[in-house]
Amino acid sequence: MSLEIEVVIVLAVLATAVGYWLWQRRGQSKAAKADVSRERDNIDTVIGWPPEVTRLLSGGERAAHETLTKALPECLVFAQVPLARFIRVPRRNSYGDWLTRVGHLSADFLICDRASLVIGAVSLEAAQESARAAQRRARMARVLKAAGIKVFVWREQSIPSPVAARDQIIQRTGVPSTVVADPYATDAGRERRSPGSLNGKLPVPEVVAEMPIGGPRQEPPSSTWFDDLDSSPPFDPSRKRGEA
């Protein structure tokens, strides 16, 4: 047997041995990952992660919330609301990817009317904010602005007074005009303004009309809508809303 043939045989044996070793390693790696996944699934949620209640808002956030509630007593103010709770996106692309990118981010404060329709959002900038936090805040503000939501940026160390906050918010969101018929007026054609619309204040609606079905902004996505993010069929514009 020539030297060349012997070299070829040796190389073939070595290649076979290396391939078998890699195949074994791959199998062991898959088995190890499966064991880890199975072990993680078997951990009891409460026992594995003992829950402990904490404050919902920091000191600066509590001050900002108090300012907003004093400035706009006729509005609803919500804190730390995830974007996925009040923003819908088409599902032509992976909803899971969108949720991972920005959907899990929370708006510091949402200003809503009495029907819980979002009027504006307040982003509270911390006194010492990391570059990553600033990027995250900018990404969230971009989404809010694209959705047509007015964004107000406040600094934690210089929160405006209720009067200044009210003026700032009204200037950008506008003051809706509410005119209602006076049931006690002797003249059937006479109308009076809602008391909340006087003196530059936002009106307090006496009757809140429900949004019509098919309107631009309906009920928020239910919490169960996120359970199976990518199992739905691709987005079809011709499909009626509500169809599976």
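Sequential numbering from 1 along the given sequence is applied to the chain's residues. Computed from a prediction, not measured in an experiment: that's the story for all the values here.
Taking all atoms of both residues into account, the shortest heavy-atom contact from I47 to D44 is N-OD1, 2.9 Å. Between S106 and Q80, the closest heavy-atom pair is CB-OE1, 3.7 Å.
Side chains of W154 and S123 form no contact here, defined as non-hydrogen atoms less than 4.5 Å apart. Counting heavy atoms from C-beta on, the side chains of E125 and S158 never come closer than 4.5 Å. For the pair V143/L105, no side-chain contact is recorded, criterion being any heavy-atom separation below 4.5 Å from C-beta on. Annotation: side chain of L117 is not in contact with side chain of C112 (no heavy-atom distance under 4.5 Å). A heavy-atom distance below 4.5 Å is not found between the side chains of T67 and F109. In this structure, L110 and V77 have side chains that are not in contact, with every pair of non-hydrogen atoms separated by 4.5 Å or more. Side-chain contact between I119 and K150: absent, with no pair of heavy atoms (C-beta onward) separated by less than 4.5 Å. The shortest side-chain heavy-atom distance between I87 and L144 falls under the 4.5 Å cut-off.
In this structure E156 satisfies the salt bridge (charged side-chain N to carboxylate O under 4.0 Å, His left out) test with no other residue, sequence neighbours excluded.
Distance NZ/K145 to CE/M140: 11.0 Å, rounded to 0.5 Å. One finds the CD1 atom of I149 at 7.5 Å from the CG atom of L83 (value rounded to the nearest 0.5 Å). Remark: I111 CD1 to F78 CZ distance equals 11.5 Å, nearest 0.5 Å. One distance of note links CD of E74 with CG of D113; it measures 11.0 Å at 0.5 Å rounding.
In this structure, Q168 contributes its side chain and A165 its backbone to no donor-acceptor pair below 3.5 Å. H104 contributes a side-chain N or O that, together with a main-chain N or O of T100, makes up a donor-acceptor pair within less than 3.5 Å. Under a 3.5 Å cut-off, the side chain of R137 and the backbone N or O of L124 do form a donor-acceptor pair. The backbone N or O of V151 sits less than 3.5 Å from a side-chain atom of R172, completing a donor-acceptor pair.
The residues K70 and E66 are annotated as salt-bridged, a charged nitrogen and a carboxylate oxygen being separated by less than 4.0 angstrom.
None of D108, V122, L57, I159 except one satisfies the side-chain contact (heavy atoms from CB on, under 4.5 Å) rule with H65; the exception is L57.
Other residues, nucleotides and ligands contribute only 12 or fewer heavy atoms inside 6.0 Å of the CZ atom of R142. No more than 12 heavy-atom neighbours from other residues, nucleotides or ligands sit within 6.0 angstrom of CD on Q128.
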Audit row: Y95, V89, side-chain contact (heavy atoms from CB on, under 4.5 Å) steps and yes/no: CA-CA 8 Å; Y95 180 77; V89 292; 3.8 Å; yes
